[in-house]
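First the structure, in the form of structure tokens, and then the observations on it.
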Amino acid sequence: MELKLKIDEELCTACKLCQQVCIRDNIEVEEYARELGSGTCFECGHCVAICKAGAITLKSYEGLEDRIQEFNPRENVLEYDQLLEFLKRRRSIRWFRKNKKVDRETFDKLFEGAYYSPTAQNEQDVEFAVVDEKLDEFMELVYDIIKVDEDKFFRIREFGDYLKDSSTKEFHPLLWSGNQLILTFSADKTSAVIANTRLELLAYSLGLGGFYSLFILKADEIDHVRLMEFFPQIDKNKHMYSAFIIGYPRVRFRRTIPHKKINVNYL
Ligand SMILES: Cc1cc2nc3c(=O)[nH]c(=O)nc-3n(C[C@H](O)[C@H](O)[C@H](O)COP(=O)(O)O)c2cc1C
């Protein structure tokens, strides 16, 4: 069986922490830690992250050791009150500054946060597309797919009217004043949504804003195969599970609003 871990026997202190946190019972510790090679390791990295001696690395991530960052496990880097305040103040942004686009460096900062997202089975299969120059072309495809639902949703009808004569309306019925779009793909819906949510929060921390689009997502629900033709480089087994319009806000909100009571069921 192929071994996934590289264990430095000299460094190992046989403390057994790695064995304790391995959810696949793949490590045994006697004189030092040894991988059992049960074939079930999915490289979750718990053993790497917990080892006090730094004795374990993952073979398939060789060359990416600069990604390993030491930290004090007792240190709380974000206080609840500060995070809550941040979450409270966010709102969807639909009106953006015309002359200031999000640049590559800033996008990279957002994707860097998504890099640390959990994914189902640690697949790390979340992929993004930034639609910018090809936005009009993409939106025409979206319309062509979702127009079957025109009678059900007035927004789709408005979208069709807008495309036919874009001079009549000031704002795009789906994009408002947005002109950059982040799409998130994965085989697993939850993984994609988690990644995009983190990206969204980081965006707010950088003074950006945006909103999720339900209608763009409909294109994947209605005709996944056709939609994916626009993204030949993305695996067809992945779905577009999140569409986030992003940019620099042109409006500033100044207070929170009341929300419906949140229902929590303690069972
Ligand atoms: C899954 C999802 C889909 C959404 N779709 C749209 C959309 O298609 N168009 C839009 O303008 N806003 C969309 N929104 C934004 C919501 O309308 C917005 O979150 C809600 O009005 C609450 O306002 P707030 O985000 O400013 O707190 C969507 C939000 C979510 C979470």
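Each ligand, and each atom within it, is numbered from 1 in the order the structure gives.
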*With the threshold set at 4.0 Å, does a side-chain nitrogen-carboxylate oxygen contact exist between K109 and E105?*
no
*May I ask you to list the atoms of ligand 1 that are less than 4.0 angstrom from any heavy atom of R90?*
24 (P), 25 (O), 27 (O)
*asked:* Checking the side chain of N122 only, and the main-chain atoms of E43 only, is there a donor and an acceptor separated by less than 3.5 Å?
replied: yes
*Can you tell which part of F211 has a heavy atom less than 4.0 Å from ligand 1: side chain, backbone, both or neither?*
side chain
*Could you check atom 29 (C) of ligand 1 against the protein and tell me its nearest heavy-atom contact, residue, atom and distance included?*
Y212 CB, 3.9 Å
_Main-chain N/O of I216 paired to S213 side chain as donor or acceptor, under 3.5 Å_ = yes
_W176 neighbourhood, listing ligand 1 atoms whose heavy-atom distance to it stays under 4.0 Å_ = 11 (O)
_Contact bool for atom 6 (C) of ligand 1 (protein heavy atom, d < 4.0 Å)_ = yes
*Does a side-chain N-to-carboxylate-O contact under 4.0 Å join D125 and K238?*
no
*Could you tell me whether the side chain of D220 and the main chain of M240 form a donor-acceptor pair under 3.5 Å?*
yes
*asked:* Is it true that Y115 and R198 share a donor-acceptor pair across their side chains at a distance under 3.5 Å?
replied: no
*Please identify which atoms of ligand 1 are closer than 4.0 Å to at least one heavy atom of S92.*
15 (C), 18 (C), 19 (O), 24 (P), 25 (O), 26 (O)
*With atoms numbered from 1 as shown, which atoms in ligand 1 lie under 4.0 angstrom from a non-hydrogen atom of S213?*
5 (N), 6 (C), 7 (C), 8 (O)
*May I ask you to list the atoms of ligand 1 that are less than 4.0 angstrom from any heavy atom of F215?*
8 (O)
*Is any N or O atom of L214, backbone or side chain, closer than 3.5 Å to an N or O atom of ligand 1?*
yes
_Closest non-hydrogen atom pair, A192 against Y241_ = CB-CB, 3.7 Å
*Identity and separation of the nearest protein heavy atom to atom 23 (O) of ligand 1*: R91 NH2, 3.8 Å
*Using non-hydrogen atoms of the residue, decide whether F253 is closer than 4.0 angstrom to ligand 1.*
no
*At under 4.0 Å between heavy atoms, which part of R94 makes contact with ligand 1: side chain, backbone, both or neither?*
side chain
*Salt-bridge test for E150 and K218: reply yes if a basic N is under 4.0 Å from a carboxylate O, no otherwise.*
no
